[in-house]
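Both backbone and side-chain heavy atoms feed into the values below; hydrogens, waters and symmetry mates do not. Residues: numbered from 1 along the sequence shown.
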Amino acid sequence: MPSSLTWRQQAALEKDIFRERFPFSVTVGFDELHVCADPGVPENGFRTPSGGVFFESSVTRFHCQDGFKLKGSTKRLCMKHLNGTLGWIPSDKPICVQEDCRIPQIEDAEIHNKTYRHGDKLIITCHEGFKIRYPDLYNMVSLCHDDGTWDNLPICQGCLRPLASSNGYVNISEFQTSFPVGTVISYRCFPGFKLEGSEYLECLHNLIWSSSPPRCLALE
């Protein structure tokens, strides 16, 4: 477009170009053409279609970049209101918010992260007597992924629950499955049976018990 045109001439020329592209609008006149305002683009996101003129019944869809999730409607519809004007339904613009990982639930551990965002490393310490163990022995890091999940989540491990002796019992809770280093447990036999083996077992630093569980043998 020539730069020497005045703004009025430019406006008139733009009207002529519009009439050529949209001849059906000539009957109502360019200034009376009813279209929805631009629906905008969410920060850290994009929309389809990305541009153009939004006539009645136009639909625009919204998406977010990796690491973000959409808060609000995924699409908006250009509709005529009762007063005859056009507007977007729903009226609220969607936004893209950073997708956080959930706080992992790890037994016998303390989580020290201040944020749980994409790329964050899990900061964890095990309770006293428990040792951290990762599924991948060559990767001692757990990261928050852009889909809101953690990879390589560790556990805080102690000695595993020892076998109970038949015809006897051990002084531990039936619900406890892992025991910190230094735990000492004792075995007892029911009346009519005697203990063969060590009465006491201790959870050692290598996370194994100090000896095999004893047996309860019938008295002769």
Side-chain angles (χ1 to χ4, degrees), residues 14 17-18 21-22 25 30-158 175-178 180:
E14 288 174 0
I17 294 173
F18 191 90
R21 291 183 179 177
F22 305 99
S25 66
F30 180 84
D31 295 323
E32 299 174 9
L33 185 66
H34 288 259
V35 296
C36 278
D38 190 294
V41 179
E43 187 177 358
N44 301 307
F46 59 97
R47 74 162 191 246
T48 54
S50 59
V53 179
F54 300 95
F55 296 102
E56 185 177 359
S57 300
S58 295
V59 176
T60 183
R61 290 175 170 80
F62 300 91
H63 315 269
C64 293
Q65 298 170 1
D66 290 345
F68 295 83
K69 62 181 178 181
L70 196 70
K71 185 176 181 181
S73 179
T74 58
K75 64 182 180 180
R76 299 174 76 193
L77 174 64
C78 178
M79 289 186 62
K80 184 176 292 185
H81 297 306
L82 294 177
N83 61 4
T85 61
L86 292 181
W88 292 103
I89 302 297
S91 58
D92 293 335
K93 295 181 179 181
I95 59 174
C96 291
V97 296
Q98 196 157 31
E99 189 162 28
D100 291 350
C101 284
R102 293 189 177 186
I103 303 174
Q105 302 299 314
I106 301 176
E107 291 187 14
D108 303 307
E110 295 290 338
I111 308 296
H112 303 288
N113 288 65
K114 296 187 182 299
T115 60
Y116 300 89
R117 299 188 182 122
H118 173 218
D120 282 357
K121 295 180 181 179
L122 184 67
I123 306 171
I124 178 176
T125 57
C126 294
H127 294 164
E128 186 175 359
F130 293 89
K131 296 187 177 182
I132 193 165
R133 294 287 187 268
Y134 286 88
D136 184 352
L137 300 178
Y138 300 98
N139 179 23
M140 304 300 181
V141 173
S142 181
L143 291 175
C144 174
H145 281 224
D146 57 14
D147 62 355
T149 62
W150 295 96
D151 74 343
N152 202 34
L153 271 179
I155 61 172
C156 287
Q157 187 176 328
F175 303 108
Q176 192 169 355
T177 58
S178 184

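More than 12 heavy atoms of other shown residues, nucleotides or ligands fall within 6.0 angstrom of atom CD in E56. Atom CE of M79 has 12 or fewer heavy atoms from other residues, nucleotides or ligands within 6.0 Å. By the neighbour-count criterion of 12 heavy atoms within 6.0 Å, atom CZ of R117 is sparsely surrounded, having that number or fewer from other residues, nucleotides or ligands. For Q176, the CD atom is densely surrounded, since the number of other residues' heavy atoms within 6.0 Å is greater than 12. In I103, the CD1 atom is not crowded: 12 or fewer heavy atoms of neighbouring residues, nucleotides or ligands sit closer than 6.0 Å.
When all heavy atoms of C64 and F46 are compared, the pair lying nearest together is O-CE2, 4.2 Å. Residues L143 and K121 share a closest heavy-atom pair of CD2-CG, 3.4 Å. The two atoms that bring F62 and L70 nearest to each other are O-CD2, 3.8 Å, heavy atoms only. Of all the heavy atoms in R76 and S91, the pair that sits closest is NH2-O, 2.9 Å. Heavy-atom minimum distance, V53 versus V35: CG1-CG1, 3.4 Å. A pairwise comparison of heavy atoms in P104 and W150 identifies CD-NE1, 3.6 Å as the closest pair.
If you take CZ on F68 and CD on E43, they are separated by 8.0 Å, rounding to the nearest 0.5 Å. The CG atom of N113 sits 9.0 Å away from atom OG of S142, with the distance rounded to the nearest 0.5 Å. With values rounded to the nearest 0.5 angstrom, Y116 atom OH is found 8.5 Å from I123 atom CD1. Once rounded to the nearest 0.5 Å, the distance linking OG1 of T85 with NZ of K80 reads 9.5 Å. Between S178 atom OG and I155 atom CD1 the span is 7.5 Å, to the nearest 0.5 Å. Atom CD of E110 and atom SG of C126 lie 10.0 Å apart (nearest 0.5 Å).
Without hydrogens or angle criteria, N152 side chain to N139 main chain gives a donor-acceptor distance under 3.5 Å.
Side chains of P39 and R47 form a contact here, defined as non-hydrogen atoms less than 4.5 Å apart. Contact annotation: the side chain of T115 never approaches that of C144 to less than 4.5 Å [non-hydrogen atoms, C-beta and beyond]. Using a 4.5 Å heavy-atom cutoff, the side chains of P154 and L122 are in contact. Put simply, the side chain of L153 does not reach to within 4.5 Å of the side chain of P135, judged on heavy atoms.
Listed by first and then second residue, the side-chain hydrogen bond (donor to acceptor under 3.5 Å, both in side chains) pairs involving residues 63-75 are T48-H63 (not counting sequence neighbours).
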